[in-house]
*Asks:* 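Take this structure first; my questions come after.
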Amino acid sequence: MPQQFWKPGADKPRILEDEEGGVVFFAPSLSSASSSSSRFGYASIGSQRQRLPVYKYRTAILYLVETHATTIIVGETGSGKTTQIPQYLKEAGWADGGRVIACTQPRRLAVQSVASRVAEEMDVKLGEEVGYTIRFEDVTNPAATMIKFLTDGVLLREIMDDPLLTKYSVIMVDEAHERSISTDILLGLLKKIQRRRPELRLIISSATIEAKSMSDFFQTSKKHRGPEDHEFVPRKVPAVLSVEGRGFNVQIHYVVEPVSDYVRATVSTVLSIHDQEPAGDILVFLTGQDDIDAAIQLLAEEAHASRKISSGLIVLPLYSSLPRAEQDLVFSPTPRGKRKVVISTNIAETSLTLEGVVYVVDSGFSKQQFYNPISDIENLVVAPISKASARQRAGRAGRVRPGKCYRLYTEEYFVNEMSSVGIPEMQRSKLVSCVIQLKALGIDNILGFDWPASPPPEAMIRALEVLYSLGVLDDDAKLTSPVGFQAAEIPLDPMISKMILSSNQLGCSEEIITIAAILSIQSIWVSGKGVQKELDEAKLRFAAAEGDHVTFLNVYKGFLQSGKSSQWCHKNYMNYQAMVCICSLLLSVNFRCG
DNA sequence: GATGGGCTT
């Protein structure tokens, strides 16, 4: 039975969700005038740049940055803020005198693609005036780079060498609304740095909502407040500027009654879209591989049962552990007369963008990590998403033309029950790595640190206990010498760093570093629906009686003997990308540990 | 017999 959605404008009274800044769905007329037709013309890069929504705020942004210590920019995707603002700053002279403009991103891929886009717009070679740094890859030229894109994790590491980040004149923290651990630590540290360096300017860029709490965070100072309107001191009160995006209008449909099984509901919704709606690809958000496989299975069964309805559907799964070749399928253009259905995890919410999506089906759930500091156990649980996520998901339907989003929950639920933003990662994770990093930066009063979102004190205490038991912290909760400092230097989980340091005395460093590298990446095995049996057999070929760790060693040996061959990985159900990653990790750890 | 959302240094 197909799901029942009510259509906007029909009998049921429409509760507008704009109260909380539902701007995501409705961009002013500007978008229809400027994007669809002219965007595909042969405009020069210069005029393309001028057509971005952010362009008309150029003067305002430069003025605010000049006069305020912190500027918060609320902008939807497609406003052009990430690529344009660093260029405006450079044009206004913020990179003069050897200073550098930094722009951080939570993800490596975003850093690379934004950097190359900006280099192209400025018509310079990537790695010169415009460069980027991500782990294992530094494409900058210290003598020439004026605009530098980097992951927030890399900037955090840079603070270890240069605690005041002296070479930067402006630091733009992008995607701050995602509230990843590194972004939050970075924000806390930048606030501190700012007190010592009044000439440093910060730009915090966030997709929606949290502008107010972010502004409060940068406004309130625990200690001495500087003079506010002094001529040469920038204003401490953050400026907040909102920039509209370029998304198309997305019509939201809610279910009338709550659904009991969101996988089934997904399938019937997809089928009725396919049956009733004009051409356009469908993007479905489910929680994980299990759900996704079940939905695909069910779709196949329905297709078999009613050939008429489901002919012309191309159904593709999408999740991060899917082999690269299969992931790439979702980017292939949809053949004429066909309709692509991508059934995805959260990966399509932030990390990748699919062109051609016109319909989004949102289950309302995602898997989220939670940490219980009492039991010291991390859990992955299916939990309801936030309004912010729901808006982000819906926005994925409006990239090429007006679209529709089908939410598998009631409007009443969305309005009254759904929390407006998710819980910051900081408040639902282990903090061992985070604490050792702050200690390495000389921040002794960890419990008194000024966070954008305070983590639970129990989690902090547990992290301190773990570090103490590893011998990384002493009785005064200071880093021990040399073990504590060495462990902080190694960019891995402190438990693993300690294992590496101890292996030195036991004469098994080489083996332990290999194991450490493998434990530090997501998985060396490929994943997928039909390969479970083959995967188990492959694992058996390397299995060691001593356990998984020695099995890992065998796998790595095999990989080396194959001459680091990708075919060998494929044959043995191993993730080639992961193995390459391990090699880089080995290099960097070996480098640090002599 | 039960099991990996997504990132990152």
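Below, all heavy atoms of this structure are taken into account, side chains as well, without hydrogens, waters or symmetry copies. Fair warning: this is a prediction, and the values are worked out from it, not measured in the lab. Below, chain A is the first sequence line, B the second, and so on; all start at residue 1.
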*Asks:* Are side-chain heavy atoms of A:Pro317 and A:Ile343 found at a separation under 4.5 Å?
*Replies:* no

*Asks:* Does A:Asp536, at its CG atom, have more than 12 non-hydrogen atoms belonging to other residues, nucleotides or ligands within less than 6.0 Å?
*Replies:* yes

*Asks:* My understanding is that only residues two or more places apart in sequence, or in another chain, count here; which of them pass side chain to side chain contact (heavy atoms under 4.5 Å, CB included) with A:Ser469?
*Replies:* none

*Asks:* Check nucleotides 6-9 of chain B for protein N or O atoms closer than 3.5 Å to its own N or O atoms and list the pairs.
*Replies:*
{"from": "B:dG6", "atom 1": "OP1", "to": "A:Ser320", "atom 2": "N", "distance (Å)": "2.5"}
{"from": "B:dG6", "atom 1": "OP1", "to": "A:Ser320", "atom 2": "OG", "distance (Å)": "3.3"}
{"from": "B:dG6", "atom 1": "OP1", "to": "A:Thr345", "atom 2": "OG1", "distance (Å)": "3.3"}
{"from": "B:dG6", "atom 1": "OP2", "to": "A:Ser320", "atom 2": "OG", "distance (Å)": "2.9"}
{"from": "B:dG6", "atom 1": "N2", "to": "A:Glu425", "atom 2": "OE2", "distance (Å)": "2.9"}
{"from": "B:dT8", "atom 1": "OP1", "to": "A:Arg108", "atom 2": "N", "distance (Å)": "2.6"}
{"from": "B:dT9", "atom 1": "OP1", "to": "A:Arg135", "atom 2": "N", "distance (Å)": "2.7"}
{"from": "B:dT9", "atom 1": "OP1", "to": "A:Thr151", "atom 2": "OG1", "distance (Å)": "2.9"}
{"from": "B:dT9", "atom 1": "OP2", "to": "A:Arg108", "atom 2": "NH1", "distance (Å)": "3.3"}
{"from": "B:dT9", "atom 1": "O2", "to": "A:Arg157", "atom 2": "NH2", "distance (Å)": "3.2"}
{"from": "B:dT9", "atom 1": "N3", "to": "A:Pro491", "atom 2": "O", "distance (Å)": "3.2"}

*Asks:* Just the rounded figure in Å: distance from C1' of B:dA2 to CG of A:Asp536.
*Replies:* 12 Å

*Asks:* Taking atom types as modelled and ignoring hydrogens, do the side chains of A:Ser389 and A:Glu349 form a donor-acceptor contact shorter than 3.5 angstrom?
*Replies:* yes

*Asks:* Which of these passes side chain to side chain contact (heavy atoms under 4.5 Å, CB included) with A:Val330: A:Leu354, A:Leu283, A:Leu322?
*Replies:* A:Leu354

*Asks:* Who pairs with A:Tyr359 by ring pair (Phe, Tyr, Trp, His ring centres under 6.0 Å), at least two apart in sequence or on another chain?
*Replies:* none

*Asks:* From CG of A:Asp293 over to C1' of B:dG4, roughly how many Å is that when rounded to an integer?
*Replies:* 13 Å

*Asks:* Can you check the A:Asp290 CG to B:dG4 C1' distance for me, whole Å?
*Replies:* 10 Å

*Asks:* Is the glycosidic angle of B:dG4 within 90° of 0, making it syn, or outside that range, making it anti?
*Replies:* syn

*Asks:* Can you tell me the distance, in whole Å, between the NZ atom of A:Lys539 and the P atom of B:dT3?
*Replies:* 14 Å

*Asks:* Roughly, in whole Å, what's the span from CD1 in A:Ile377 to P in B:dG4?
*Replies:* 13 Å

